[in-house]
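Report on the structure given below.
Note that the structure is predicted; figures quoted are calculated from it, not measured.
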Amino acid sequence: MNRTSVGRYRDRASALQPGELPREGLVQNGRGRIKHGAVDDPNPAFRGKRQRVAINACTDVLEHEYSRGR
């Protein structure tokens with residue numbers, strides 16, 4: 001899998017889900033927006049696999065834009 005062709009917010013359906021993730025949407029205190037994504041699994045036993053994660057898309061302007069495909 002080429003890292004440039006697969007971003008955090010793409011190809012989430014085939015990623016492993018290690019447990020329950022927070023729901024997508026606004027965080028209770030209003031200081032964030034949770035989006036689901038997929039990253040390379042850090043466990044060496046799952047080398048080459050991807051894992052679903054929850055991402056706060058409001059950490060900065062670039063993450064906000066990236067989560068919207070821009």
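Gln51 and Asp41 get closest at one heavy-atom pair: OE1-OD2, 3.2 Å. Here the shortest heavy-atom pairing between Asn56 and Arg33 reads OD1-N, 3.3 Å. Across Gly32 and Cys58, no two heavy atoms sit closer than the pair CA-CB, 3.9 Å.
We find the CZ-CG distance between Arg50 and Asp40 to be 5.5 Å, quoted to the nearest 0.5 Å. Note that CD1 of Ile34 is 9.0 Å distant from CD1 of Ile55, once rounded to the nearest 0.5 Å.
Residues near Val61 contribute nothing to a hydrophobic cluster around it, because no ILVMFWY side-chain heavy atom sits closer than 4.5 Å to its side chain.
Of the possible donor and acceptor atoms, none in the side chain of His36 sits under 3.5 Å from a partner among the backbone N and O of Arg23.
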